[in-house]
Amino acid sequence: MNRNRTDRLFSYLFLGAGMLSVLILLGIFLMLLINGIRTFAEINPLEFLFGSTWNPSAYEKASYGIGSMLVSTLMVTLGAMIIAVPLGIGSAAYLSEIAPARVREILKPILEMLAGIPSVVIGFLGIVLLGPAIASTFGLNNGLNALNGSILLAVMALPTIVSVAEDAIRAVPNSFKEASYALGANRWITLTRVTLPASFSGIIAAMVLGMGRAIGETMTVLMVTGNNLSMPNSYFDSIRTLTATIAIELGEVAYGTTHYFSLFAVGAVLFTISLLVNIVAEWVASKFRY
Amino acid sequence: MSMSENLDAAKLKVRDLRLSFGDKEVLKGISMDIPEKEIVALIGPSGCGKSTLLRAINRMHDLVPIARVSGEIFLDGKNIYDKELDVVDIRRRIGMVFQKPNPFPKSIAENVAYGLKIAGGTSGKNLQDVIKTSLEGAALWDEVKDSLDKSGLALSGGQQQRLCIARAIAVKPEIILMDEPTSALDPISANKVEKLMLELKKDYTIIVVTHNMQQAQRVADRTAFMYLGEVIEYRPTRELFESPIHDLTKNYISGDFG
């Protein structure tokens with residue numbers, strides 16, 4: 001007789017849990033928006049987005065253009081994806097389709113442990129190992145640049161991409177593969193023509209999660225990309241991303257100033273980018289869902 | 001008798017085929033001849049090895065690391081387990097239709113074209129022709145001719161199974177293996193597939209695993225009764241059902257066990 005009541009209680013509980021995460025998301029966005037919007041009392045939004053000079057503490061006239069940081073963020077993210085996506089999907093395909101069970105059981109946990117390395121440690125490696133390596137390979141006098149950041153972000157996004165993509169590839173029903181083999185396809189053809197396309201929506205999800213990691217990552221890029229605010233021309237230039245700017249400046253800024261609010265606006269821009277990436281990915285994935 | 005003449009020129013000859021998964025022997029020395037352009041039904045209780053035998057015929061067990069096969073299966077006199085032979089080539093000559101319809105998550109046209117595309121060389125007009133004739137051959141063309149771009153998974157179960165048959169015949173195999181092709185279908189769809197099998201017999205040799213003894217009697221020229229990994233009795237269908245020799249066969253077809 002109590003069953004109905006318990007049922008209802010649980011449905012409310014789960015509804016509450018679901019709503020909570022939506023509320024938190026909404027709250028964060030509102031906080032960024034309400035604070036960030038006050039920037040535009042003094043700054044032209046277009047100048048903010050496309051201006052390439054960021055100098056809030058200038059002696060005469062402060063400038064709040066995030067253009068170069070925006071480009072920097074997009075650059076390291078794109079670079080990281082160019083490296084991590086093919087590697088990640090390749091590893092995922094290897095783990096789920098080719099590797100013997102024993103190899104997979106060893107490799108996958110190791111890969112996932114990679115995700116647990118603190119970003120500060122990765123940044124450390126970037127400064128001590130990768131930086132000098134890049135400098136000597138390309139004959140630069142400084143290896144702290146966008147390329148360094150891209151490579152490290154790729155390493156950090158890789159575990160997520162591999163793990164999620166592997167699950168997606170493994171979820172493809174065996175019957176699809178059998179049908180392909182029975183028509184005379186070999187492993188490679190089956191993988192590229194049947195298995196990967198069938199898991200495409202999951203692979204997109206893997207890419208988006210990896211990309212989210214790359215866009216939002218702060219500590220590593222702050223450490224290894226050289227902290228240069230000018231507009232980058234190539235991957236060999238030092239840069240500074242949106243996230244690094246917030247991390248560096250928010251602790252020092254005077255409360256309630258335009259500079260203070262502008263950092264919230266930077267956060268809102270980051271948030272919007274992630275949101276857009278997610279929406280586009282969701283749309284693309286829905287086209288391929290079966 | 002014409003049937004035994006047929007056997008001399010058997011399309012497929014299975015000789016002392018043994019197969020085990022790990023320690024478990026599933027096929028214990030199967031020998032049988034499958035004549036060309038006939039339908040042969042494999043019947044028997046669950047676990048008797050009939051599906052395993054079927055899958056051995058186009059080497060699907062190659063994909064199972066613990067499967068060990070000995071013995072021979074001759075296709076037109078050549079042993080398909082010969083190391084010299086290319087398994088891809090064998091699977092093109094011996095197509096397969098599965099128990100559960102398994103079209104790819106692709107369009108109807110792409111499903112049918114898959115086998116040809118991966119073999120390479122066929123394209124454009126020619127490919128369109130093959131798609132049409134294959135779908136016609138599978139008695140599906142009239143139902144899907146206006147929606148070839150629709151996903152194969154949007155079709156009904158019975159249509160999906162006929163799509164899978166169209167996909168199998170598109171590569172012009174010589175033998176079609178069918179693993180309980182109607183067991184996941186409603187009676188009307190199952191009936192369509194059965195009719196189609198009789199139609200396909202004109203051009204193809206068909207081996208079908210079935211749990212449905214009426215189906216075996218309706219479609220099969222010969223029937224093999226299998227039990228615990230052995231062929232107990234393999235004879236023209238009518239003889240097997242009307243005057244079974246072995247008690248095991250008799251008990252099974254009268255429904256005493258299964």
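For clarity, every value in this text was computed on a predicted model and none was experimentally measured. In what follows, chains carry the letters A, B, and so on, assigned in the order in which the sequence lines appear, proteins first and then strands, with residues in each chain numbered from 1.
There is no contact between B/Pro65 and chain A, counting heavy-atom distances below 4.5 Å. Using a 4.5 Å cut-off between heavy atoms, B/Leu63 contacts chain A through its side chain alone, with no backbone atom that close. B/Lys100 does not touch chain A: none of its heavy atoms, backbone or side chain, sits under 4.5 Å away.
Ion pairing of B/Glu136 with B/Lys132 is present here, as a side-chain N (NZ or NE/NH1/NH2) and a carboxylate O approach within less than 4.0 Å. Between A/Lys108 and A/Asp167 a salt bridge is recorded (basic side-chain N to carboxylate O distance below 4.0 Å). Salt bridge annotation for B/Lys11-B/Asp76: present, with a cationic side-chain nitrogen under 4.0 angstrom from a carboxylate oxygen.
A/Ser180 contributes no side-chain N or O that, together with a main-chain N or O of A/Phe176, makes up a donor-acceptor pair within less than 3.5 Å.
Among B/Gln99, B/Arg59, B/Met96, B/Met60, the residue with the largest count of heavy-atom pairs under 4.5 Å with chain A is B/Met60.
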